[in-house]
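Below: one structure, written as structure tokens.
Reminder, nothing fancy here: chain letters follow the sequence lines and each chain counts from 1. Only a predicted model underlies this, so the values are computations on that prediction, with no experimental measurement involved.
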Amino acid sequence: MPPSPLASLAESLDRRIGRRASPPSVWPTGFWPLVSHAAVVAFLVLTVTGLLLALAYRPSTAPVVYQGSSELFDGRTLPAAFASIVTISEDMPGGLLLRRLHVAASHLFLIALVAHLLRTLATGAFRSPRLLTHATGIGLLLVALGFAYTGELLPFGLVAGSSLRIAESVMYALPFAGEELGAVLFAGELPSDRFLLIAWVGHVILLPLAFIGLLVGHLVLVHRRRPAAVRRSDVDVEVVAVGRPLWPDAVTRFALLTTALTALLLISAVLVPWSDAELEGPFLTAEATNSVHPPWPLFFLTGGLRIVPAIDLIIGTVRITNVLIAGVVIPGLLVAGVALYPLLERWRLGDHRQHHALDHPLDVPLRAGTVTGVTTLALVLSLAAGVDVLSFWLGVAVERVVATFQVLAIALPVLATAAAVAAARRRARRPSTTSVDTTATVPTAADPTEEAP
Amino acid sequence: MTSSQTREPSGPSPQGDRLRRPWLIGWLLAAAAFAVVLTIAWFGGAGVEVLGTLGAATALAASVALHHLVVTQDAGEQPVPREGTDATDPIERVGRRHLLAGGAVAVVLGLAALVGLRRTAPPPPTGRWARGAALVTIGGDRVRPEDVPLGGVVTVWPEGAAGTERSAVMLLRLRDAAEAPTRLDGVIDGTLVAYSRLCTHAGCAVALYRDVDQALFCPCHQATFDARRGAHPTAGPASVPLPQLPLALADDGTLVAADDLTARPGPVGGRA
Ligand code: FES
């Protein structure tokens with residue numbers, strides 16, 4: 001009798017997520033897997049708090065008179081979106097806690113994602129057969145940046161207008177059809193509901209769907225290929241994956257991570273006024289204030305806009321400006337750097353083998369240099385987003401701080417890259433190095449199939 | 001990691017931790033009790049401190065219970081052969097021909113999108129200034145030169161469009177007379193000038209005026225413009241001056257626009 005379609009579907013699903021009785025799924029333990037799992041926990045917290053907040057939020061800029069228990073805003077005419085934020089914070093039971101929790105979780109989310117990416121790059125976890133896994137990971141990070149940007153617009157606070165216009169100017173700066181693209185996405189004048197609706201649909205429907213889709217793909221791939229692992233003395237991780245079964249180990253551990261991180265986020269929400277509406281105030285036409293900053297994951301964009309010189313270069317019909325360099329070229333290079341580096345390494349090293357063992361960050365000079373250079377550039381640009389704050393703290397004119405950063409943005413990545421490459425070369429010459437050719441290693445464990453249940 | 005961590009699957013962990021049911025159930029009950037109190041406090045309208053602390057207590061009690069499960073219910077690490085579980089990477093299967101075909105499709109689609117965009121997109125927005133438009137404040141009141149004190153800044157709009165974003169203009173009373181390249185025929189009394197409030201860098205509001213050096217300053221990325229000399233950029237990332245609004249006086253002594261803005265307000269864009 002042929003197998004029922006349901007049974008074969010179940011079997012193929014099982015194969016896909018690696019949950020057949022034999023071989024069992026392998027869940028890695030240790031610190032670094034916790035980091036990537038923390039991103040998933042943060043996403044769960046964001047989803048729960050986000051759904052509750054969505055019930056009370058109004059994506060509209062229509063002026064309304066706020067009446068409620070906020071003394072600062074009572075009786076004032078506010079954009080409906082901002083008024084609904086004040087209502088959530090001040091008048092809805094638990095609303096302020098939900099808002100703070102949502103913002104706190106968003107920080108954890110992005111920190112975990114960035115840390116996971118850096119570790120993946122530094123250890124070579126992106127190599128074959130995990131090239132597609134890495135590509136989905138880059139997609140996840142880009143979606144997360146989209147969350148950060150749209151999330152900041154939704155309250156329609158004082159910086160919303162600036163954020164919107166800066167994004168528009170980046171569109172405008174694109175050659176050939178940038179103005180048209182900007183006009184389609186951003187044309188019209190504030191206050192208008194259009195931008196809020198776009199941000200709202202993006203933040204609450206499109207980006208979550210994209211994130212969930214990519215996350216499922218990412219996890220399926222991770223499990224089909226078994227996680228890459230740090231080298232160990234007892235087994236050869238190139239041929240044997242070592243980890244814990246889904247049940248009970250992985251499930252109880254993930255549940256513990258969830259409750260522990262939730263407790264941490266809750267405590268932070270008690271102590272830190274994350275993004276309280278009173279700290280900002282509503283959007284006002286034609287107004288802006290000092291220290292306007294985007295969410296920190298986008299600091300590298302602002303930093304570039306602040307320190308790239310005022311260029312105005314006309315080539316044919318193309319006009320090259322600061323915004324094109326800082327808003328399109330530099331971020332494009334950074335993203336391409338982390339997204340395409342695996343292919344560069346394959347091509348440069350001619351290494352087409354599969355790898356399951358993780359390297360030491362200094363094992364491959366090309367990788368050590370690239371990762372260090374890209375990270376340093378992103379870091380310097382992010383710090384440059386604070387030139388105004390630094391100028392205030394140091395009592396130095398902002399022009400001098402900018403000039404200093406212009407030097408640093410070129411010098412530091414170059415120096416750091418050179419240092420990393422030198423360190424990697426020195427490591428390669430040391431006899432005790434662990435960067436052995438793993439293809440030559442013989443499995444040291446007893447026949448692993450015997451140990452598997 | 002050492003081999004001692006690779007344990008026999010299932011059975012008690014080597015530390016000898018056995019499941020202590022009373023302990024586990026005790027902490028689970030504690031978590032449930034905190035959760036009940038949290039729910040009551042939530043709907044009773046308690047503040048963020050109380051709710052956050054109760055929530056953290058719930059989560060911590062649950063964490064203690066789960067930690068007990070983690071250390072007692074432990075199948076241990078198991079080696080599993082990788083053989084047969086690895087597929088080749090789909091990206092590796094992408095050959096040169098795929099790349100060429102994909103690139104060709106992308107170019108064609110991109111060109112089509114470009115042409116479509118240029119055909120259908122609305123024109124980039126401009127301000128609503130025109131010759132003769134009266135300058136009004138956000139409240140709709142007309143403005144006279146005397147309304148702008150020395151070193152003062154008043155934000156104005158064309159009458160009928162007060163509060164609209166792209167037409168916002170700032171009226172400044174300089175300490176010293178304006179000079180070229182300011183359009184001097186649009187300056188009243190030699191010191192009253194008007195510039196678009198939208199930064200030519202990235203479109204923020206150029207919200208700050210520094211009387212010391214008569215400079216306009218954009219808080220977004222620190223572009224600085226010389227208000228005496230046609231709002232030409234003197235520092236920061238902006239490369240073109242703020243558009244000027246040439247001013248004139250109406251018969252009743254109120255200010256009107258002598259012309260449209262000297263350029264489109266807002267960021268310059270990528271087209272020469
Ligand atoms: S928008 Fe004014 S300096 Fe960037």
Side-chain angles (χ1 to χ4, degrees), chain A residues 23 26 93-94 96-97 128-129 131-132 162 165-166 169 172-175 177-180 183-184 187 189-190 225-226 232 234-235 240-242 245 248-249 252-253 255-256 259-260 262-263 266-267 269-270 285-288 290 292 305-306 310 312 314 317 319 322 398-399 448 451-453, chain B residues 1 3 9 42-43 45 48-49 51-53 55-56 59-60 62-63 66-67 69-70 73-75 77 79-82 85-86 88-92 114 117-118 121-122 124-125 155 163-166 168 197 202-205 207 219-222 233 235 237-239 267-272:
Chain A
V26 174
L96 184 58
L97 182 68
S128 170
L131 296 165
L132 186 62
S162 303
R165 287 302 161 235
I166 293 169
S169 75
Y172 269 27
L174 292 167
E179 290 191 354
E180 284 76 5
V184 166
E189 296 198 79
L190 287 171
R225 277 141 183 72
R226 306 252 178 271
R232 45 198 285 170
D234 54 346
V235 286
V240 177
V242 181
D249 298 41
T252 52
R253 278 169 165 76
L256 173 57
T259 54
T262 306
L266 282 160
I267 291 168
V270 171
T285 320
E287 283 311 324
N290 262 320
V292 204
L305 288 169
R306 288 181 180 208
D312 200 352
I314 293 171
T317 60
R319 182 172 201 161
N322 157 293
V398 72
E399 289 82 4
E451 282 180 38
Chain B
M1 283 195 201
S3 56
W42 192 292
F43 291 105
V48 62
E49 292 83 7
L51 294 179
T53 310
L60 285 175
S63 300
L66 284 166
H67 182 258
L69 276 179
V70 164
Q73 303 298 297
D74 188 350
E77 286 190 317
V80 174
R82 291 188 183 274
T85 59
D86 289 318
T88 48
D89 205 298
I91 288 185
E92 287 178 279
L114 238 155
L117 256 180
R118 291 185 76 143
T155 312
T164 55
E165 188 197 3
R166 312 232 183 211
R197 198 164 170 81
C204 283
C220 275
H221 317 102
Q222 292 76 45
S239 53
V268 280
R271 194 169 297 164

(request) Please look at B:Ala168 and chain A and tell me whether the side chain, the backbone, both or neither of the residue comes under 4.5 angstrom of a heavy atom of that chain. (result) side chain

(request) Examine whether an atom of A:Ala269 lies under 4.5 Å from a heavy atom of chain B, and if so say whether it belongs to the side chain, the backbone or both; otherwise answer neither. (result) backbone

(request) Could you grab the distance from atom NE2 of B:His67 to atom CZ of A:Arg253, nearest 0.5 Å is fine? (result) 9.0 Å

(request) Please look at B:Arg118 and chain A and tell me whether the side chain, the backbone, both or neither of the residue comes under 4.5 angstrom of a heavy atom of that chain. (result) both

(request) With sequence neighbours excluded, tell me which residues meet side-chain hydrogen bond (donor to acceptor under 3.5 Å, both in side chains) with B:Ser63. (result) A:Thr259

(request) Answer with side chain, backbone, both or neither: which region of B:Gln73 has an atom nearer than 4.5 Å to a non-hydrogen atom of chain A? (result) both

(request) Can you measure from CG (B:Asp74) to CG (B:Leu69) and round to the nearest 0.5 angstrom? (result) 11.0 Å

(request) Between chain A and each of B:Gly55, B:Ala56, B:Gly203, B:Ala62, count heavy-atom pairs under 4.5 Å; write down the option with the most. (result) B:Ala56

(request) Output the distance between atom CG (A:Leu266) and atom CG (B:Leu51), rounded to the nearest 0.5 Å. (result) 9.5 Å

(message) Counting only non-hydrogen atoms closer than 4.5 Å, does A:Ile314 touch chain B with its backbone (N, CA, C, O), its side chain (CB onward), both, or neither?
(response) side chain

(request) Would you mind checking which part of A:Thr317 comes under 4.5 Å of any heavy atom in chain B, side chain (CB onward), backbone (N, CA, C, O), both or neither? (result) backbone

(request) Go through the atoms of B:Ala235 and report whether side chain, backbone, both or neither lie under 4.5 Å from a heavy atom of chain A. (result) side chain

(request) Go through the steps for A:Ile166 and B:His221 under the test side-chain contact (heavy atoms from CB on, under 4.5 Å), then give the verdict. (result) CA-CA 10 Å; A:Ile166 293 169; B:His221 317 102; 3.7 Å; yes

(request) Could you grab the distance from atom CG of B:Leu66 to atom CG of B:Leu60, nearest 0.5 Å is fine? (result) 11.5 Å

(request) Please identify each residue that fulfils side-chain hydrogen bond (donor to acceptor under 3.5 Å, both in side chains) with B:Thr155, with sequence neighbours left out. (result) none

(request) Just give me the residue among A:Asp249, A:Leu174, A:Leu96, A:Ile267 that pairs up with chain B most often, heavy atom to heavy atom, under 4.5 Å. (result) A:Asp249

